[in-house]
Structures are given as C-alpha cells and as structure tokens.
Amino acid sequence: RDDFYLVVGRLVHYKRVDLVIEAFRRNGKRLIIVGDGPQREQWIQNLPEQITYLGNLDRPRLEQLYTQARALIFPPLEDFGMVPVEAQGFGCPVIAYGKGGALDSIKANETGIFFAAQTAASLNEAIERFERQSFDAGVIRQHAQHFNQAAFTSGLKTYVRHQWRHFNT
C-alpha cells in the first residue's frame, strides 16, 4: 500500500471531513479527499500540500485508490455507511469513529480500528495505533463479503422465513 490515507464521501457537515482535514494538518501525513458537496469551498481552501483534493472520481480511479491507500478514514456517525464496506471489499482497512453502523461493518483490530471521539486528537491517536498494527488485505476482503448482495438476500430470506413461522404459530 502507498503512504497515504483516503477519505471518501459527500462534503457535508455531518460527514466530518473537516475533522479529518484538521487531524492531517496536525500530523503532516498524506491525505486524499474524494467527493463533493456544499462544504467543499470552505473545507478545501488553504489545504496544506500533503492534503490533496480530487473531487468526484470515476469508478475505476476510486477503486484504484481503495487498493492503494494505507487506510480509509471514516469519521461520521452513520446508521450503516457503505463507504467502509466498499473500501474493505478492496482490502483497505478502515479507521472509523467507533459509534453507529461502523461497529457492525468493521471488525476491531482485524479489518480496522476505531477512534472514540470526533476530535482531531482522537483520530490522530487512532492513526498512531493503526500504524503499529498490520492488517491482511485478504482477511479484510473476505469480511466484506458478508455484506454483498448474495449474503444480504440469503439473510433477508432467512429472517422472513423465521418471522413467518413465528407469525403462524
């Protein structure tokens, strides 16, 4: 993997890309930002040179970044969040805010790690912990398969059958 981190998503307040930018201003590490939205102008002006804003990308280029990044940074509180699952599908570990749906889609210390507070200091502490660990891209890709379409369809059918049996008793 290359020596950069990646953040992907809409540039809207609740996605907390501003938090990631602040953390990387402080730590001096390379960051690539992918996405667009109403906060773009505010957040990308005066970026330090180690932070690169790419805007919206076509699918092949985004997939290439997922395969190259050291890790995806996922700072929002989401009920699920497809971006971390998508990144893991390419073997990319995730550093995520440890609340909400990220707790369901990321296995701590196996497919990624969590940070406790939505602050630059907490994120940077998590990045330091991340850099002391190693992650297996194959294990990460395999974990992501639990969230593919076939697994979803199978799980939903099982759930409906179970509920139907319970309903009929």
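Note that the structure is predicted; figures quoted are calculated from it, not measured. What's counted below: heavy atoms across the whole structure, side chains too, no hydrogens, waters or symmetry copies.
By the ring-ring contact (aromatic ring centres under 6.0 Å, His included) test, Tyr14 is found to be paired with no residue, residues two or more places apart in sequence or in another chain being considered. Looking at residues two or more places apart in sequence or on another chain, you find a salt bridge (Lys or Arg N to Asp or Glu O under 4.0 Å) between Arg59 and Glu63, Glu86. In this structure Asp2 satisfies the salt bridge (Lys or Arg N to Asp or Glu O under 4.0 Å) test with no other residue, sequence neighbours excluded. With sequence neighbours left out, Val139 forms a side-chain contact (heavy atoms from CB on, under 4.5 Å) with Glu110, Asp136. Judged as a ring-ring contact (aromatic ring centres under 6.0 Å, His included), and not counting sequence neighbours, the contacts of Phe167 are Trp164. Checked against ring-ring contact (aromatic ring centres under 6.0 Å, His included), His146 has the following partners two or more places apart in sequence or in another chain: His143.
Hydrophobic clustering, with ILVMFWY side chains joined whenever heavy atoms are under 4.5 angstrom apart, keeps Val8 apart from Val20. Cluster annotation: Leu11 is connected to Leu47 through the hydrophobic network of ILVMFWY side chains, with a link wherever side-chain heavy atoms come within less than 4.5 Å.
Between Phe147 and Phe80, the two ring planes are tilted [angle within 30° to 60°].
Separation of atoms OH (Tyr53) and CH2 (Trp43) is listed at 11.0 Å; rounding is to 0.5 Å. Between atom OH of residue Tyr5 and atom CD1 of residue Ile51 there is a gap of 13.5 Å, rounded to the nearest 0.5 Å. Residue Gln42 holds its CD atom at 7.5 Å from CG of Asp18, rounded to the nearest 0.5 Å. Taken to the nearest 0.5 Å, the CD1 atom of Ile95 stands 5.0 Å off from the CD1 atom of Ile113.
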>> Using the rule given for side-chain contact (heavy atoms from CB on, under 4.5 Å), can you reason through Ile73 versus Phe24, listing the C-alpha separation, both sets of side-chain angles and the distance that settles it, and then say yes or no?
In response: CA-CA 11 Å; Ile73 309 292; Phe24 280 77; 4.2 Å; yes
>> side-chain contact (heavy atoms from CB on, under 4.5 Å), that's the test. Do Arg132 and Arg129 meet it? Break it down for me.
In response: CA-CA 5 Å; Arg132 292 190 300 266; Arg129 281 187 289 117; 3.3 Å; yes
> Does the pair Leu19 and Phe115 meet the rule for a side-chain contact (heavy atoms from CB on, under 4.5 Å), with working shown?
Replying inline: CA-CA 12 Å; Leu19 161 77; Phe115 56 100; 4.2 Å; yes
> Please walk me through it: do Ile32 and Val34 pass side-chain contact (heavy atoms from CB on, under 4.5 Å)?
Replying inline: CA-CA 7 Å; Ile32 294 177; Val34 175; 4.1 Å; yes
>> With side-chain hydrogen bond (donor to acceptor under 3.5 Å, both in side chains) as the criterion, how do Gln145 and Gln142 come out once you've worked through the C-alpha distance, each side chain's angles and the decisive distance to 0.1 Å?
In response: CA-CA 5 Å; Gln145 294 306 307; Gln142 184 177 17; over 6 Å; no
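In this structure, the side chains of Cys92 and Gln68 stay at 4.5 Å or more apart for every pair of heavy atoms.
The two atoms that bring Asn124 and Arg26 nearest to each other are ND2-CB, 3.9 Å, heavy atoms only. Across all non-hydrogen atoms, the minimal contact from Ile140 to Thr111 is CG1-CA, 3.8 Å.
Between Phe74 and Tyr97, the ring center distance fails the sub-6.0 Å criterion.
Of the N and O atoms on the side chains of Gln133 and Asn109, at least one donor lies less than 3.5 Å from an acceptor on the other residue.
Among Lys29, Arg70, Arg30, the single residue meeting the salt bridge (Lys or Arg N to Asp or Glu O under 4.0 Å) criterion with Asp3 is Arg70.
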